[in-house]
Each structure stands twice: as C-alpha cells, then as structure tokens.
Amino acid sequence: MSKPLRVLLVEDNPDDAELLLRQLRKAGYDPHYQRVDTPGGMSHALGSEMWDLVLSDYHMPTFSGFAALKLLQETRLDIPFIIVSGNIGEETAVAAMKAGAHDYIMKDNLTRLGPTVERELREAVMRRERRRAEETVRYQAYYDMLTGLPNRTLLHQRLQEELIHAQEQHEALSLLVMDLDRFKEVNATLGHHNGDLLLQQVGTRVASVLREGDMVVRLGGDEFAALLTRVDATEAARMARLILEAFQPSFRLGAFTVEVSPSIGVAVFPEHGRDADTMLRRADVAMYVAKQSGSGFAVYDPELDPHSPRRLALVGNLRHAIEENQLFLVYQPKVDLHLRRVTGVEALVRWNHPEFQVVPPDQFISLAEQTGLIKPLTMWVLRRALQQCREWKDQGLDLCVAVNVSARNLQCPTLPEQVAEILEQTGVPAANLELELTESSIMADPVRSLEILGRLSAMGIRLSIDDFGTGYSSLGYLKKLPADAVKIDKSFVSDMVHTQDDEVIVQSTIGLAHTLGLEVIAEGVENAEVCERLAQLDCDAAQGHFISRPIPAGALMEWMRHSPMARGVMPFVPQADMGSAAVG
C-alpha cells in the first residue's frame, strides 16, 4: 500500500516535476503535491498547507535553490529540503548542504530519490521527537507538573529580574508566600489523589483574584507564592485579604467537600529585601507568623524575626563547627512495641557553640540546607553515629542507628559510595544503619531519589520515610520506593487518645503501611496511654519523651541497664529523665 506524502515541488519545468513524482510513486509513495517556481508561490504554499518534504531545483529563471532554502528557513518550519538538479557542481552542492539543505540529488540519478526521502523523513521525525523531549525537560525545569504553575526555580529568576526593574524604576514590588492550613488532614483522610485535586484548585483560586501579569507559583507541597509588581505594602495586604476571601467557598473534591484556608506572608521591596533570596526568606517568616497567630496573613516585621542576626552569625560559624568538632550527637531510643524492648536509636545532632552554648538543630539545620553545608554535616553525623554503633557492638550492645538524610543529600549521585566507605571504615554492617528521609525530600526529584534509594537498599541499609502523612507523595510512588518503614509524624500521635481524627489517621496509616509491607514507627509518644493505644493498633515501634528524651551515648548505656523498657519489662511505666537529657 502506497504511503501518502505531501511534497512541495519548487520546479519550473513540468516535465522534470513529473519525473520526480513518478520516481516517488515507484518508491512506494502516494504524493499529494503542488508545483511552484516563484518566491511568492512558495510562500503562499508554505502558509496554506502542511508539507512533509520540499524538492527544489537549483537553477530557475526567476528563483534559485538557495533562495528557496532561505525562504523555508525564515518560516522556521522543520521540513526536509532536498535539492534536485541537473548541473549542480560539487562545490555548490557542499555550499548548499552547509547552508542547511538536507541532501542533493542529480536528475540523471533519480534512483537515489526514494531512499533519500525515506531517510530524511525518518530523521525529521527523530528531530521532532527530540525537540518535544527537550521542551518537556525545559517545562519540567520551570513548571510544576501537578498544577501547571511556575515552580520555585522560575519564580526565583523572575523575582530577581523584577527586583532589578523595580529598583531602576523606583517602584514597589510584593511577594506573597502561603501554605494551606489543615492540608495534611485532607491527604491523610481523603487520600493523596484528593489532596492533588485540592492543590490544582488552589492555584486557580489564587490566580482568579490577581491582576493580569501577576505570577502564581507552586513552591512545593502545599506552599504557593504570588509575585505582584508595582504593589506596595498597603495594596499587598488588600490582595492578601482577597485571596483569603477566595478560599471561603468550600472546595469540591469528587464526593467530598472540604474547608481549607491559607496562611499568607507578605514581603515588600524595598523595605524588606533587595534580592530574591531575602524576599523569599522574609515572606516565609511572615507566613509562619500568620500561621502561629491565626491572623490569615502578616506583613514581614523585623521585630517578629528576632533570630535573624543570630542566624547570620551561625552561618558564618557552622563550617568551622563541623571542622572543629563543636558538634555532638544524642540518641533517642526506639522501642519495639511487640517485644517491649529497645531495638534501635535515632542519632540527633547538637551544636556546642562557644558563644550561644548548646544550639538545637531547628536553629542550624535549615541554615545548613540553604548554604550547602548540609552535605558535610550529614557525613559528619553519619561517621560519628557509626563509630558509636561500633563502640556499642564491641560492648555487646547491638542496635540499629538511624541518621536523617536531606533532599540535598539525595540529589548527590555519590551518596551510596560515601555511605559504603564510612560503613567499611567503621566496620559496621549495613543492616545496623537506617537512613530517614522525608516525603518532601524524596519528591523534590522523584526519579533521582528512586535511583539513589535503590542503590542504598541494595547495600542492605534500612530506609524509612520520616514525618509520614505531612508530605504530598502519591501512594503509587510510595509503592515503588524501596522503603522498610514509615514514621508517623508526632502531630498525629501526641494527642491521638483525645482527638478522634488523629487516631483515625494513625490507624489508617498503620493499616496502609502494613498492606504495603512496611514497618510503622510512631514519633512523639509523650505518655503511657498513647504508647499502649499504639500497641493495640498494631504499631510496630515508638519513640518519644515518654520512652526517653535524646541522651548522650554514655548515658544511653546506663539507661539501657536500668530502664524497664530497655529490658523488655511490661507494662510501660514513665521513667524519670536522666540528668544528661536536658540537651533534647
């Protein structure tokens, strides 16, 4: 069966055109064609129809092959262009190919026409597919795949450009950062599919109240942003109120109706920052102020950001702290709720700062993330935790040690090799190491995360998903992960015996995880009642201040010798904290 072919013939001789068509039919094509021999005729033909191929004579009375090629290139259409000539010289043919012609054929050797056309059509398809792939990659680099909104990378670029413009024109500019209150409840109770539907509707609602030209962005998870040009603090506050009003109608998620509202932080140029990073950071600070106060929105206020000078000092000292061993580890025991004994510990880093004394991790881990120091920091924690694990083993104590890994660590392709090297140097079996990763760190780059985690799992290292239920990964993706356990976030666990919704979330998570073959660890266990209820719900393990605060390695050995829970004694009973536990 003949293959249809739309061919534009740039040819002044009808007989030569017929020879070309005959040769195409002989090669198995059914050509639909148009013959032109002037620039105007070719322009009209290119604008009125889609063509698979252009065959052009080189010498014509009022036209030339070079001119036809240039005219085609001006349209930016990717159509194979083949010169067919009776007297083109080799130098001219080479020049035509350099100018962009795909091939040339002599009229006295038309047997080459069929194979040449077939090759060029195939390569044209390959070029189109490659362009589509490149466009997809570019889209994924700058846009959020779930909502279709610009992502954090594109916002950062656009914000920096607009800040330069605003400074030159002496104009105001505002940045709004917002996240959704109670979003985790939607994910946990209605499933991630409905959570995704909600996120898609949020972007639409925010965009509906903004002006044309304003930018709505999904930063990740349930965080969004809006970039408002030529908007001062007063107008930004008005826009924030409009966004809050836009959230008042309920969201319809299939058969469900949910009420969700955002907390919005506002930063304004030039009062609150003159570069993209500062504006983002201060809008984020204002957003947390709005969340904590329940006010709906807040404009950045330096008085409500008391740690900024201290954080700047900490950034400057952090690298030195890693190199000079100002850091130390404490360990929080994990109790197996079936065996009623300790089977592992989580290693938690602290900073013994010469000026600020003991600095808790929530005051420097985020700084390490922002500055890139999280990579050497994680390697320091991993090495010290495994050295301690080796020391415990030599003393007859066999524990699995858990270490937290950040999104930046997961993006490092050499992470498995670095971990393997430290395991070998410390002599600790891979089975004694557990790496804890948050949902958000995994979903920052799912493809790379899956590849890195697969390599770590193949080494025999345990993998657990921390803060489970607060992120936004899909169940379909969760099934693909080589995870061994999930950790239920303490926000669900701490009050579960008094809050039915939290208990339902915990119970559902345990059932889901067990269905997927995963172990479940509950964080934030603060009393015996919660601990017993978790055991009744078939939770596998627990950790929290009721069991023990994070304690130094030496105190852990003493705790293991004297704590009833460490020795498998039932029932659970509260234990007095060790004196060294104050660092927790």
Side-chain angles (χ1 to χ4, degrees), residues 139-140 142-155 158 174-228 231 236-266 280 283-284 286-288 290-291 294-298 439-440 442-444 446 467-478 491 501 504-505 508:
Y139 183 85
Q140 291 174 342
Y142 293 108
Y143 289 87
D144 173 58
M145 298 303 291
L146 175 64
T147 63
L149 295 173
N151 64 13
R152 183 184 291 270
T153 301
L154 186 54
L155 170 65
R158 170 83 183 277
S174 294
L175 178 67
L176 278 59
V177 170
M178 63 201 83
D179 80 348
L180 307 182
D181 302 330
R182 299 177 57 247
F183 176 71
K184 65 183 181 182
E185 296 178 26
V186 176
N187 258 356
T189 57
L190 303 183
H192 291 280
H193 171 70
N194 283 305
D196 289 347
L197 290 177
L198 175 59
L199 294 174
Q200 291 169 340
Q201 294 183 38
V202 164
T204 302
R205 294 230 184 153
V206 174
S208 69
V209 302
L210 301 184
R211 308 162 305 168
E212 184 177 353
D214 290 338
M215 187 180 194
V216 184
V217 177
R218 184 186 178 203
L219 297 175
D222 63 337
E223 281 196 319
F224 292 79
L227 174 57
L228 313 178
V231 168
R238 188 184 73 84
M239 297 298 290
R241 293 187 188 96
L242 289 176
I243 293 173
L244 291 170
E245 291 174 7
F247 276 74
Q248 288 179 3
S250 300
F251 287 84
R252 189 73 180 177
L253 308 176
F256 303 102
T257 300
V258 297
E259 305 281 344
V260 176
S261 60
S263 293
I264 305 172
V266 180
L280 279 163
D284 201 51
M287 184 265 289
Y288 278 105
K291 183 176 288 290
S295 59
F297 80 94
E439 290 182 81
S440 57
I442 295 170
M443 297 307 293
D467 300 339
F468 185 74
T470 63
Y472 53 98
S473 61
S474 68
L475 294 181
Y477 190 78
L478 180 59
S491 62
D501 287 346
V504 169
I505 291 170
S508 300

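Remember, predicted model here, so these are calculated numbers, not experimental data.
- A distance of 11.5 Å separates CG in Leu149 from CG in Leu155, rounded to the nearest 0.5 Å.
- Without hydrogens or angle criteria, Asn194 side chain to Gly191 main chain gives no donor-acceptor distance under 3.5 Å.
- Both tests pass for Arg205 against the ring of Phe251: distance under 6.0 Å to the centre and angle within 45° of the axis.
- Considering all non-hydrogen atoms of both residues, Ala283 and Val177 come closest at CB-CG2, 3.6 Å.
- Side-chain contact between Met239 and Val266 is absent, with no heavy atoms from C-beta onward closer than 4.5 Å.
- The two residues Ile264 and Ala240 come nearest to each other via the heavy atoms CD1-O, 3.7 Å.
- Between the CG atom in Leu198 and the CG atom in Asp222 there is a gap of 9.0 Å [rounded to 0.5 Å].
- Looking at heavy atoms from C-beta onward, Met215 lies in side-chain contact with Pro150 at the 4.5 angstrom threshold.
- For the pair Ser174 (side chain) and Leu228 (backbone), a donor-acceptor distance under 3.5 Å is absent.
- The CD1 atom of Ile243 sits 13.0 Å away from the OG atom of Ser261 when rounded to the nearest 0.5 Å.
- Between atom CD of residue Gln248 and atom CD of residue Glu259 there is a gap of 9.5 Å, rounded to the nearest 0.5 Å.
- With Phe224 as the fixed residue, the side chain to side chain contact (heavy atoms under 4.5 Å, CB included) test singles out one of Val217, Asp144, Val202: Val202.
- You'll find the side chain of Leu154 reaches within 4.5 Å of the side chain of Tyr143, heavy atoms only.
- Proximity of a side-chain donor or acceptor of Gln201 to a complementary backbone N or O of Leu253 within less than 3.5 Å is not detected.
- Shortest non-hydrogen contact noted between Thr257 and Ser250 is CG2-CB, 3.2 Å.
- Using a 4.5 Å heavy-atom threshold, the side chains of Leu180 and Phe247 count as touching.
- Here the side chain of Gln200 pairs a donor or acceptor atom with the backbone of Leu146 at under 3.5 angstrom.
- Annotation for Met287 and Met178: closest pair CG-CA, 4.1 Å, computed over non-hydrogen atoms.
- Smallest separation of non-hydrogen atoms from Gly203 and Val216: O-CG1, 4.2 Å.
- In plain terms, the two heavy atoms of Val231 and Ala236 that are nearest each other are CG1-N, 3.4 Å.
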List the steps and the verdict of side chain to side chain contact (heavy atoms under 4.5 Å, CB included) for Val186 and Phe256.
-> CA-CA 10 Å; Val186 176; Phe256 303 102; over 6 Å; no
